[in-house]
2 protein chains.
Amino acid sequence: MTWRDDAGPAASGRTESVVPRSVPRRHPTIAEVARVAGVHASTVSRALRGESGIAADTVGRVRRVADELGYRPDPAAVGLRTRRSGLIGVLVPRLTDVVLATIYEGLDAAAAEAGFQTFVANTGDDPETRRRRLATLRDRRVDGVVLGDARLTDDDLLAGLAADGLPYVLVSRRSRGHLSVTTDDLRGGRLVAEHLLALGHERVGVVAGRTYSSTGVERTRGFRERYAEAGLPVPEELVLPSRYDVSGGREVADALLAVRPRPTALFAVNDFTAIGVMGAVRSAGLRIGDDVAVVGYNDVPLAAELPIPLTTIASPMTEMGRVGMARLLDRAAGRTVRSVRLRPRLMARESSGPGRPAGSPGAD
Amino acid sequence: MTWRDDAGPAASGRTESVVPRSVPRRHPTIAEVARVAGVHASTVSRALRGESGIAADTVGRVRRVADELGYRPDPAAVGLRTRRSGLIGVLVPRLTDVVLATIYEGLDAAAAEAGFQTFVANTGDDPETRRRRLATLRDRRVDGVVLGDARLTDDDLLAGLAADGLPYVLVSRRSRGHLSVTTDDLRGGRLVAEHLLALGHERVGVVAGRTYSSTGVERTRGFRERYAEAGLPVPEELVLPSRYDVSGGREVADALLAVRPRPTALFAVNDFTAIGVMGAVRSAGLRIGDDVAVVGYNDVPLAAELPIPLTTIASPMTEMGRVGMARLLDRAAGRTVRSVRLRPRLMARESSGPGRPAGSPGAD
DNA sequence: AGACATTAAGCAAACGATTGCGATGAACAC
DNA sequence: GTGTTCATCGCAATCGTTTGCTTAATGTCT
């Protein structure tokens, strides 16, 4: 079944960069399969695609010939005829962000299982770049689009997408009136609040993320709501927007720690931001977990392994990708689908309190 | 000049958003452009592609009509005709690894500038998965492939790739006899050794990475060579292979710190591994930078922002991607190209010594 | 003024698959 | 033995571009 007539792996790469290339490695076409199998090309097509109306032995013979020849349909030809590309476009703020990269893994895995392939592009959260990248995806005639960089309100890119018929779904961030798969960020924020309340923190600050992303906004809102319910509303000056990277957390935390009376706990809506917060706390000569509790969000793999393990909210990122892709494909198939909010879980670790054992406290 | 008897763009989209889906958003074809411009489709094609032999005013008219109509060539049709997909496949161990994600950003940016689009897939460093993913890329008729997960020796996937004519290039990791763009890992290892020697460390250990990846192997080799030259060969028991993640570093460092006499410095061939090492050092009750110096490799953004900033080797990851893509496209165009090794730079920070100011010590 | 370049644009055949429809033959009922 | 019904499979059009070859029109040279 394996062919090794040619060069063979023993050809020891001596002439590394001498001759450019040569053997153009032709792919067999459906016509060749038809000829060898002694049937018409249309029959090969139907047999391979498992349509009814073809004799069982014919199907068998065609299939055998096809993979003896190593036949693989040319996606360009298929796409031209069927008007379907088998491609799903994915737009993310940045793939170097582990959270998005993980979601993308889930998206891609689910797409692959359904016979689709994905196409990522970074947008850097920049409107103009988004527009250009989306145009590129359209040019490629993608069958659907996944957006990981939706804006909470007034996202006209989404409006445009909804206007023409390209199926799409949002992941990670929500936006009013659009199909999305996210974690329940409101609930996640509340979980953090309850955790800190239980530990007795009465004066707390929030490194709140970007004002245009639902993740930051809703995590912050859930958190503040819960504190307000406990009769300890979080004052405005202790809630500051931030970037989603380490240095963003560092800068904002420096500011929050300068407020008097100083907060005894800081909630950062993103783990990397939280790492920046930890840096700020240490630089201020304070002890993480003792003097100032720090809580993050997402439970990236790094969080549990830090010198001082980070208390954070586990959000099922890979699953979010898988579910998001499933929803998109459902929608593209014309089925009616609804937005999903996945359940977040608290991972209590040392950064929020004295010597608690690593791992989740239980719950579901 | 142009006749516009038909529908015309002025038909004012009144019934815009009444029905949710429906409007399948037809793309105009080259034939429609031709009709509106009053020329033949072949003329449109030539005009748009800037071929010679078309009158300047015709070119102008066609161009104008084309973008009034929003014409974009159908990639499936183009691909079918030209046998070129405009797609470059990229295989990486894992996209959630910031190093690879950053290299990918460079690859993608350079590809986009050259009019190509990229296609990533994770292989998890698993031979069978690699083979399957590569087959998928072949099925898509990619014009070239970038491999980020090459094995140092006996990589039969590469042998097969070389045998048939698909252009390819390796990034990040090298493999004998294949075109690659990497950093000079031998030199990087030496830089670390020189740094630690200058600080007076005589007994050092190495968290060496995977034995099948050139990165780990060569960084380790360069390091050991330099120490051997200084008359202080690193003993075998202080050099252990590892995974490239945080917990891998943690486990191996636990073992190294148990060796007696205990090493005073540990070199991890990857920043995340180094973070795991830092965790192990702290857990052993030792002070990072004072009792045990820790050095990583890659200078990921996180490194400089850690509570104790990490001394590491800056490897130009984005540039590696850009250069890699450029080399691949050169090769695909039939030009002869040679492998490249980019220059690494030491970033001395606090993790390797007492209170040194953050940033590079200078050099080029 | 006629032969001949030269330039500009059209014609039509690919590329490789899918698919509506028609043709063929066998099985079957009467 | 004729007519009808299935089950199989072939025919040919089609998707939207690109490109070798022709044709038509214009200019140039002797």
Side-chain angles (χ1 to χ4, degrees), chain A residues 24-63 65-67 69-87 115 138-143, chain B residues 1-2 24-63 65-67 69-87 115 138-143:
Chain A
R25 175 74 175 157
R26 286 265 308 132
H27 291 270
T29 73
I30 202 171
E32 301 178 38
V33 176
R35 193 166 39 73
V36 175
V39 295
H40 192 265
S42 60
T43 305
V44 173
S45 174
R46 291 190 243 257
L48 258 28
R49 313 179 66 248
E51 289 184 17
S52 63
I54 305 290
D57 58 336
T58 305
V59 172
R61 182 159 36 93
V62 168
R63 288 243 166 90
V65 170
D67 60 45
L69 262 47
Y71 168 74
R72 316 255 46 196
D74 183 323
V78 174
L80 182 58
R81 183 59 228 249
T82 66
R83 312 272 51 198
R84 258 170 283 114
S85 63
L87 258 28
R138 274 217 174 85
D139 289 352
R140 274 282 166 199
R141 309 294 199 260
V142 294
D143 295 334
Chain B
M1 62 171 74
T2 53
R25 174 78 173 156
R26 285 265 307 133
H27 291 270
T29 71
I30 202 171
E32 302 177 38
V33 176
R35 191 168 40 73
V36 175
V39 296
H40 192 264
S42 60
T43 304
V44 174
S45 174
R46 291 189 243 258
L48 258 28
R49 315 178 62 249
E51 289 185 18
S52 63
I54 305 291
D57 59 336
T58 305
V59 172
R61 180 160 34 97
V62 168
R63 288 243 166 90
V65 170
D67 60 48
L69 262 47
Y71 168 74
R72 317 255 45 196
D74 184 323
V78 174
L80 183 58
R81 182 61 227 243
T82 64
R83 311 273 52 203
R84 256 170 284 115
S85 62
L87 257 29
R138 274 216 176 84
D139 288 352
R140 273 283 165 198
R141 310 291 199 265
V142 294
D143 295 334

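The figures here come from the full heavy-atom set of this structure, side chains too, leaving out hydrogens, waters and symmetry mates.
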Discussion item. It should be established whether Arg83(A) places a side-chain nitrogen or oxygen under 4.0 Å from OP1 or OP2 of nucleotide dG16(D).
Written reply: yes
Worksheet entry | NZ/NE/NH1/NH2 to OD/OE distance under 4.0 Å, Asp74(B) and Arg83(A) | yes
Practice prompt. Measure the distance from CD on Glu32(B) to C1' on dC15(D) and round it to the nearest whole Å.
Written response: 13 Å
Worksheet item: When the distance from CG of Leu48(A) to P of dG16(C) is rounded to whole Å, what number comes out?
Response: 16 Å
Discussion item. Please tell me if Tyr71(A) has a side-chain N or O lying less than 4.0 Å from either OP1 or OP2 of dA17(C).
Written reply: yes
Worksheet item: Taking atom types as they are modelled, is there a donor-acceptor pair under 3.5 Å from the base of dG10(D) to the side chain of Arg46(A)?
Response: yes
Worksheet item: With a 4.5 Å heavy-atom cut-off, do Arg141(A) and Leu87(A) have their side chains touching?
Response: no
Worksheet item: Asp143(A) side chain to Ser85(A) main-chain N or O, any donor-acceptor pair under 3.5 Å?
Response: yes
Worksheet item: His40(B) side chain: which of dA17(C), dC11(C), dA12(D) is closest?
Response: dC11(C)
Worksheet item: Rounding to a whole Å, what distance do you find between Asp139(A):CG and dG16(D):C1'?
Response: 15 Å
Worksheet, complete the sentence: Per nearest nucleotide of DNA chain C, the residue lying toward the 5' end, Ala77(B) or Gly53(B), is Gly53(B)
Discussion item. For the CZ atom of Arg63(A) and the OG1 atom of Thr58(A), what is their distance to the nearest 0.5 Å?
Written reply: 11.5 Å
Item to complete: Take the protein atom CG of Asp74(A) and the nucleotide atom P of dG16(C), then report the distance between them rounded to whole Å.
Response: 7 Å
Practice prompt. Examine dT19(D): is either OP1 or OP2 under 4.0 Å from a nitrogen or oxygen in the side chain of Arg49(B)? Give yes or no.
Written response: yes
Worksheet item: Between atom CD in Glu51(B) and atom C1' in dG20(D), what is the gap in whole Å?
Response: 11 Å
Item to complete: State which of dT19(D), dG10(D), dA17(C) makes the closest approach to the side chain of Thr43(A).
Response: dG10(D)
Worksheet item: Starting at CD1 of Ile30(A) and ending at P of dC15(C), how long is that distance when rounded to a whole Å?
Response: 15 Å
Discussion item. For Arg61(A), I'd like to know if atom CZ has over 12 heavy atoms of other residues, nucleotides or ligands within 6.0 Å.
Written reply: yes
Worksheet entry | Nearest-angstrom distance from the residue atom CZ of Arg35(A) to C1' of dG10(D) | 17 Å
Worksheet entry | Listed nucleotide nearest any side-chain atom of Ile54(A), set dC9(D), dC11(D), dA12(C) | dC9(D)
Worksheet, complete the sentence: Looking only at dC9(D), dT19(C), dA8(C), the nucleotide nearest the Ala55(B) side chain is dA8(C)
Practice prompt. Could you work out which one of dG16(C), dG10(C), dT17(D) sits closest to the side chain of Ser42(B)?
Written response: dG10(C)
Practice prompt. Considering just the side-chain nitrogens and oxygens of Thr58(B), establish if one lies under 4.0 Å of OP1 or OP2 belonging to dA8(C).
Written response: no
Practice prompt. Figure out the CG/C1' separation between Leu80(A) and dC15(C), and round it to whole Å.
Written response: 9 Å
